[in-house]
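Pasting a structure below so you can have a look.
The figures that follow rest on heavy atoms only: side chains count, while hydrogens, waters and symmetry mates do not. Both counts, for ligands and for their atoms, begin at 1 and track the order of listing. Worth saying up front: this structure is predicted, and the values here are computed from it rather than measured.
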Amino acid sequence: MQDKSAPEEFDVVIVGRGPVGATLANLLGLRGVRTLVLERETQTYHLPRAVHFDDECMRVFQTVGLADAILPHVILSPGMLFLDANGKMLLDWSRPQTLTPMGWHLSYRFHQPDLEDVLIGGLARWPHVTLRSRCDVFALDQVEDGVRVRYEDLSNGKLSEVRAGYVIGCDGARSLVRRFIGSSMDDLGFHERWLVIDVLLKRARDDLGDYSLQHCDPRRPATYVRGTGTRRRWEITILPDEDSQEIAQPAKVWDLLSRWITPDDAELERAAVYTFHSVIARQWRSGRLFLAGDSAHQTPPFLGQGMCAGIRDAANLAWKLAAIIQGGAAPDLLDTYQSERQPHVREFIELAIRLGGVINTKAIEAGLAAGEARENAPVKLDVRKPLLGPGLTFSDLPLAGHLAPQFMLRDGGRSDDRTGYHHVLLVEAAAVLPSRLAQAGIEILAGDDAEGVRDWLRKHGIIAALVRPDRYIRGTARDEPELERLVAAAIPATQIPLTQAPSAA
Ligand SMILES: O=C(O)CCc1cccc(O)c1
C-alpha cells in the first residue's frame, strides 16, 4: 500500500550512496540544499572495488571537510611500472612524492569501504541531507515543476513517494535513472574479461613492492596493485576460451597467482570476474534527471581513474544545482554539465584504452604518444589532466578550463579552506577591485594572502583569474577590460547562501 499523505519535498534526490553519490550529497549539504539519498543496500559494500584516487579527488574531499578523516585510510602510491614477460621495464609511470599544485599528492591507494564509511559518516553533519538505506527506486515521473520519485522500502515492503526538484543517478553501470533518461551508450571499443583477486597477507611480503605493476605479457596480461594494510590485488586477463565460473574457483585462482604468491602467504578475500567496459552515455540529462559516475561512463581501470571521474562529475554538478535552486541561476546552466565533463572523461577513457593496448601487446609506440622508446631505457609516462570541455569557461582567455592551484596562505593554512565552496577571484592586490564583487559574495584571494598567488599570476602574464567552486579556471585577465568580463560573468553565478564545512565528527 502506498502512503497517501502529501509527498515530502526535496531539492535533489540522489539515487545511489556509493562514493559519487555520497560526495555529491556532501557537496549539496555544504550548500544547504535539501537532499535525499536513496540507496538499495543496507550497508556499505564490504569488498574492495576502486583502489586509487588522485590529488583532484582529495581536494574535493577537502572541500567537504573530510580530507583529514580520509588521510588515515590511504597510502601514497609511488606509481606504476610496465614490465615485459622477462621483467624488463618498458614504461615508467612514477609519481612525484611531493605535493602537486592541488595541494595534495598525485596518487593515493585506498580500500573503498573505508572511504565510503567516511563519506557516509560525513552526511550526518548536514541538517538538510537525509539518507535512506534499503530503499529501491522503481519509478521517476517528470511532472511540471519537479520529479515524482517512487521507491520501495525493502525492509518492510512499504511504497513511498517524494517530490524532487532534480534527480541524480549515481546508481552505477546498470543505472535505473539512465533507463528513465533513455540514453544509449557510445561504445569506445574496449571490453575485456578480467579476474580481479584481492588477498590479505598473512605475513610481510616486502618483495612484492609498493609500485603497481603491469605485466605486459601478451600470453596473459596481469596487473598487481599494492593496497592499504595487508591488502594486495591482482587483476588477470581471462582468455577467450576460459569459463568465468571455473576461473574464479580458489584452486584455479591460486594456480594463476602461483608465480607471485601462495596460500602460505595470504588468504583470498575475493575473486570475481569483471568485464571492463569503455562506454559513455550519449545523454547525461533529460529535463530534471541527470547521470553521474558509472551510470554516465565506464573505463578500463588501467589509469586508476574510474572513481575519480565520478567525483569530478559530483564537483561539477553540485555548485550548478545550488546556483539554480538557491541563487536563481537559469536552468540551462545545467546543460554545461555534460558539455564540460564528457570530453574530459572521454580523453581519460581513450588513454586508459591505449594503456590497455600496451599491457596486452607491449607495443608502446603503437599504444601511446608518450615519447620515444630508447634502447634499454623505459619510456617515461606523464599523464596530463584533460581540459574541461566547452561550457562556462572563456576559451579565448589563458588557462581557461585548467585546474587552479591551491595556495599556502601566509598564516600556514590552505587557500581552499579560506575561500570555501565559492567562486574566487585571484588578484595581485584586492584594493583595485570593484566593490560590487564583495557585495556579490565573491571571495578574493590576493598576493597579500599568499605569496604564491602573485608569483603564479606573474608567471602566466595575467592580472587576475576567476576560479569556480569546483576549482576549474573560468577565465583569466591580462588587462582591465578582461577583468571586467570576468567580474560580470562571476556575479550572477554566486548569489547563493553558503554554509561552511565543519570538520569531520
Ligand atoms: O596507479 C596505481 O597505483 C594503480 C592504478 C590502477 C588501479 C587498478 C587497476 C589498474 O590497472 C591500475
Atom 7 (C) of ligand 1: the protein heavy-atom neighbour that sits closest, reported with distance to 0.1 Å: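 Of every protein heavy atom, Val51 CG2, 3.6 Å lies nearest to atom 7 (C) of ligand 1.
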Numbering as shown, the atoms of ligand 1 that approach His52 to under 4.0 Å (heavy-atom distance): 1 (O), 2 (C)
Tell me whether the guanidinium CZ or amine NZ of Arg193 lies under 6.0 angstrom from the six-membered ring centre of Tyr274 and within 45° of its axis.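 No, Arg193 and Tyr274 do not form such a contact.
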Give a yes or no on this: more than 12 heavy atoms of other residues, nucleotides or ligands lie within 6.0 Å of atom CZ of Arg174.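 Not buried by this count: 12 neighbours or fewer within 6.0 Å.
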Tell me whether the guanidinium CZ or amine NZ of Arg232 lies under 6.0 angstrom from the six-membered ring centre of Trp260 and within 45° of its axis.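 No.
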Apply side-chain hydrogen bond (donor to acceptor under 3.5 Å, both in side chains) to residues Gln62 and Asp68 and explain how you reach the verdict. CA-CA 8 Å; Gln62 176 194 355; Asp68 287 344; over 6 Å; no
Determine, stepwise, if the pair Phe61 / Phe53 fulfils ring pair (Phe, Tyr, Trp, His ring centres under 6.0 Å). CA-CA 11 Å; Phe61 300 146; Phe53 67 79; 5.3 Å; yes
Any atoms of ligand 1 less than 4.0 Å from a non-hydrogen atom of Phe302? List them with their elements.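 Within the 4.0 Å cut-off of Phe302, ligand 1 contributes 10 (C), 11 (O), 12 (C).
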In sequence, state the C-alpha distance, the side-chain angles, and the governing distance for Glu56 and Arg312, and then conclude on salt bridge (charged side-chain N to carboxylate O under 4.0 Å, His left out). CA-CA 8 Å; Glu56 192 182 346; Arg312 285 188 191 98; 2.6 Å; yes
Do Ser133 and Arg17 pass the side-chain hydrogen bond (donor to acceptor under 3.5 Å, both in side chains) test, and can you show the C-alpha distance, the side-chain angles, and the key distance before you say yes or no? CA-CA 8 Å; Ser133 298; Arg17 178 213 48 189; 3.2 Å; yes
At a non-hydrogen distance cut-off of under 4.0 Å, which region of Ser77 contacts ligand 1 (side chain, backbone, both, or neither)?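 The answer is the side chain of Ser77.
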Between Ser107 and ligand 1, is there a nitrogen or oxygen pair with a distance under 3.5 Å? no
Under 4.0 Å from any heavy atom of Met80, which atoms of ligand 1 are there?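 The atoms of ligand 1 under 4.0 Å from a heavy atom of Met80 are 4 (C), 5 (C), 6 (C), 12 (C).
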Near Ser212, which atoms of ligand 1 are under 4.0 Å from a heavy atom of that residue? 2 (C), 3 (O), 4 (C)
What's the shortest distance from atom 10 (C) of ligand 1 to any protein heavy atom, and which residue and atom give it? Pro301 O, 3.2 Å
Looking at non-hydrogen atoms alone, which of Arg109, Glu235, Gln214, Arg226 comes nearest to atom 9 (C) of ligand 1?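 Answer by nearest heavy atom: Glu235.
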